[in-house]
Student: 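First the structure, which I've put down as structure tokens, then a few questions once you've had a look.
Convention: sequence-line order gives letters A, B, ...; per-chain numbering from 1. All values below come from the heavy atoms of this structure, side chains included, with hydrogens, waters and symmetry mates left out.
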Protein chains: 2
Amino acid sequence: MTTDPLTSDAEFVSARRSEIVGIAAELFAAKGYANTTVREIADAAGILSGSLYHHFDSKESMVEALLRDFLERIDARYRSVIANADDPVDALRELVHAAFGALATDRAAVAVMLNEYNLLVQYPRFAFLQDSVEESERLWVEVLETGMREGALRDDVPAAAVYRFLRDAIWVSVRWYRPDGPQRPDDVAEEYLTVLLSGLATPTTTGRTR
Amino acid sequence: MTTDPLTSDAEFVSARRSEIVGIAAELFAAKGYANTTVREIADAAGILSGSLYHHFDSKESMVEALLRDFLERIDARYRSVIANADDPVDALRELVHAAFGALATDRAAVAVMLNEYNLLVQYPRFAFLQDSVEESERLWVEVLETGMREGALRDDVPAAAVYRFLRDAIWVSVRWYRPDGPQRPDDVAEEYLTVLLSGLATPTTTGRTR
DNA sequence: GTCTATATTGAGATAGAC
DNA sequence: GTCTATCTCAATATAGAC
């Protein structure tokens with residue numbers, strides 16, 4: 001028994017392996033998965049490319065480890081937020097905060113998910129990506145539909161359409177959001193929620209707003 | 001003089017070349033630029049890979065031709081829309097319609113721009129991408145700021161922040177919008193404008209909306 | 001304008017010593 | 001767990017015939 005006694009054998013992943021996943025994630029996020037070579041990953045980790053294959057059997061395994069871990073955690077976070085919310089509008093607010101929060105805690109994973117989803121999801125090995133995306137959609141849409149049914153949210157735009165606009169605007173912001181800048185993720189979330197919930201038009205705006 | 005008499009020598013591009021750019025664009029959009037081989041492009045065009053180099057000196061030249069053409073046209077469209085608008089809210093509405101319209105007319109170019117911008121913009125050859133993106137931002141932000149100054153749009157969220165949310169939600173929709181589906185681009189634009197201008201909350205919504 | 005044939009490079013991955 | 005050395009393959013691009 002050489003593993004940490006607090007960790008079961010089955011779940012044990014070496015610290016070195018996790019470290020390398022993190023290093024690879026940064027490169028995948030910055031340069032794209034296809035444009036990152038295993039030699040670059042090895043360089044960044046301070047070892048030679050052949051040595052990477054002691055930890056992973058392929059480059060695909062690295063990105064798979066990264067995304068499985070991230071998607072598992074964000075799903076758990078969404079469920080926790082929904083379970084603890086007072087009402088649908090509160091749940092929506094907290095979901096938006098949770099999603100923007102991931103820009104700070106899991107920036108690289110979010111970027112990889114955004115940029116490589118379409119490529120990876122084509123392979124059977126990455127079918128879990130689609131499962132996870134569909135499960136998230138189910139959770140968010142359920143919140144939106146409950147809010148619409150209760151009259152707290154407008155119901156003249158389909159919940160699925162609202163969800164798509166929301167999701168896209170939030171995740172793509174990983175391309176411009178700077179974690180070291182003046183804005184905290186919660187600040188960006190509040191700015192977004194202001195426009196989303198109250199709208200951009202003022203009461204005095206003339207002309208159609210619908 | 002073998003060129004079309006209606007086209008100046010300087011602007012002449014062979015029909016075959018344009019055709020190949022279109023074929024390459026579909027592949028770049030579907031599989032990603034890095035994952036598309038010149039052999040696949042040649043196959044799709046019905047020729048052998050070596051023959052492609054009669055029309056282009058490199059794979060980069062193909063994507064450059066695609067994006068230069070698209071960005072030039074979308075910029076012209078934005079300027080025309082702004083010049084003909086009655087007021088800033090009208091201009092904003094028409095800009096949103098123009099952008100969603102490009103999903104139908106230039107789907108592949110939009111997808112390539114969205115997916116490959118970060119990669120390509122690193123190379124001096126593609127500096128025009130950043131120029132074009134910055135010019136678009138200038139045009140849109142100017143419209144938003146005018147609307148805020150005139151009191152037609154809320155001014156408690158910075159125009160640049162609103163623009164980023166707008167831009168992201170619109171362009172990323174190329175990932176789920178189906179031109180052959182029931183929704184026309186103008187329908188999607190109206191759905192988006194409804195939420196954007198009037199907000200998701202109903203007047204009866206309790207709790208903070210700001 | 002396209003084909004045949006090939007040069008050249010760089011990628012992911014492997015085997016076995018240390 | 002890392003290094004040395006190398007295999008194998010696929011990619012972009014080129015040269016010249018037709």
Student: The criterion is side chain to side chain contact (heavy atoms under 4.5 Å, CB included); which residues satisfy it with L119(B), sequence neighbours excluded?
Tutor: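 Partners of L119(B) by the side chain to side chain contact (heavy atoms under 4.5 Å, CB included) criterion, ordered by chain and then number, come out as N35(A), Y33(B), E116(B), Q122(B), Y123(B).
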
Student: Could you give all pairs that pass the side chain to side chain donor-acceptor pair (under 3.5 Å) test and reach residues 100-112 of chain B, with sequence neighbours left out?
Tutor: E26(B)-R107(B), R73(B)-D106(B)

Student: Name all residues meeting the ring-ring contact (aromatic ring centres under 6.0 Å, His included) criterion together with Y78(A); count only those two or more places apart in sequence or in a different chain, and write none if there are none.
Tutor: W140(A)

Student: Quick one: on DNA chain C, does S49(B) or R16(B) contact a more 5' nucleotide (nearest heavy atom)?
Tutor: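 Closer to the 5' end of DNA chain C: R16(B).
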
Student: At what distance, to the nearest 0.5 angstrom, does CG of L196(A) lie from CG of L196(B)?
Tutor: 9.5 Å

Student: Would you work out how much the helix from dG1(C)-dC18(D) to dC18(C)-dG1(D) bends between its ends, with each end axis defined by five base pairs, to 10 degrees?
Tutor: 10°

Student: Taking salt bridge (charged side-chain N to carboxylate O under 4.0 Å, His left out) as the cut-off, I'd like each qualifying pair that reaches into residues 136-149 of chain A, sequence neighbours left out, listed once.
Tutor: E135(A)-R138(A)

Student: Mind checking what makes side chain to side chain contact (heavy atoms under 4.5 Å, CB included) contact with A104(B), not counting sequence neighbours?
Tutor: P185(B)

Student: Got a second to check how far R93(B)'s CZ is from Y192(B)'s OH, nearest 0.5 Å?
Tutor: 13.0 Å

Student: Which pairs of donor and acceptor atoms, one on a side chain in residues 40-52 of chain B, lie under 3.5 Å apart (sequence neighbours left out)?
Tutor:
{"from": "E40(B)", "atom 1": "OE1", "to": "T37(B)", "atom 2": "N", "distance (Å)": "2.9"}
{"from": "E40(B)", "atom 1": "OE2", "to": "K31(B)", "atom 2": "NZ", "distance (Å)": "3.1"}

Student: Going by distance alone, is a donor N or O of one side chain under 3.5 Å from an acceptor N or O of the other, for N84(B) and R79(B)?
Tutor: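 There is no such pair between these side chains.
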
Student: Please collect all side chain to side chain donor-acceptor pair (under 3.5 Å) contacts where either partner lies in residues 157-171 of chain B, sequence neighbours excluded, each pair once.
Tutor: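 Qualifying pairs, neighbours excluded: W176(A)-D168(B).
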
Student: Nucleotide range of DNA chain D contacted by chain B, 5' to 3', under 4.0 Å to a heavy atom?
Tutor: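 Going 5' to 3' along DNA chain D, contacts run dA11(D) to dT14(D).
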
Student: Do NZ/NE/NH1/NH2 and the carboxylate oxygens of R154(B) and D156(B) come within less than 4.0 Å?
Tutor: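 Yes.
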
Student: Quick check: on DNA chain D, is the nucleotide nearest T37(B) upstream (toward 5') of the one nearest L48(A), or the reverse? Name the residue that is more 5'.
Tutor: L48(A)

Student: In Å, rounded to the nearest 0.5 Å, how long is the span from CE of M113(A) to CZ of F28(A)?
Tutor: 15.0 Å

Student: Which parts of residues 18-28 of chain A get close to DNA chain C, meaning a heavy atom less than 4.0 angstrom away?
Tutor: none

Student: Please classify the nucleic acid contact of S14(A) as base, sugar-phosphate, or nothing, using heavy-atom distances under 4.0 Å.
Tutor: nothing

Student: So if I take residues 56-69 of chain A and measure heavy-atom distances to DNA chain C, which residues fall below 4.0 Å?
Tutor: S58(A), K59(A)

Student: Could I get the full list of salt bridge (charged side-chain N to carboxylate O under 4.0 Å, His left out) partners for D187(B), not counting sequence neighbours?
Tutor: none

Student: Give a yes/no on whether any side-chain N or O of Y53(A) is located under 4.0 angstrom from OP1 or OP2 of dT14(C).
Tutor: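 Checking Y53(A) against dT14(C): no side-chain N or O falls below 4.0 Å of OP1 or OP2.
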
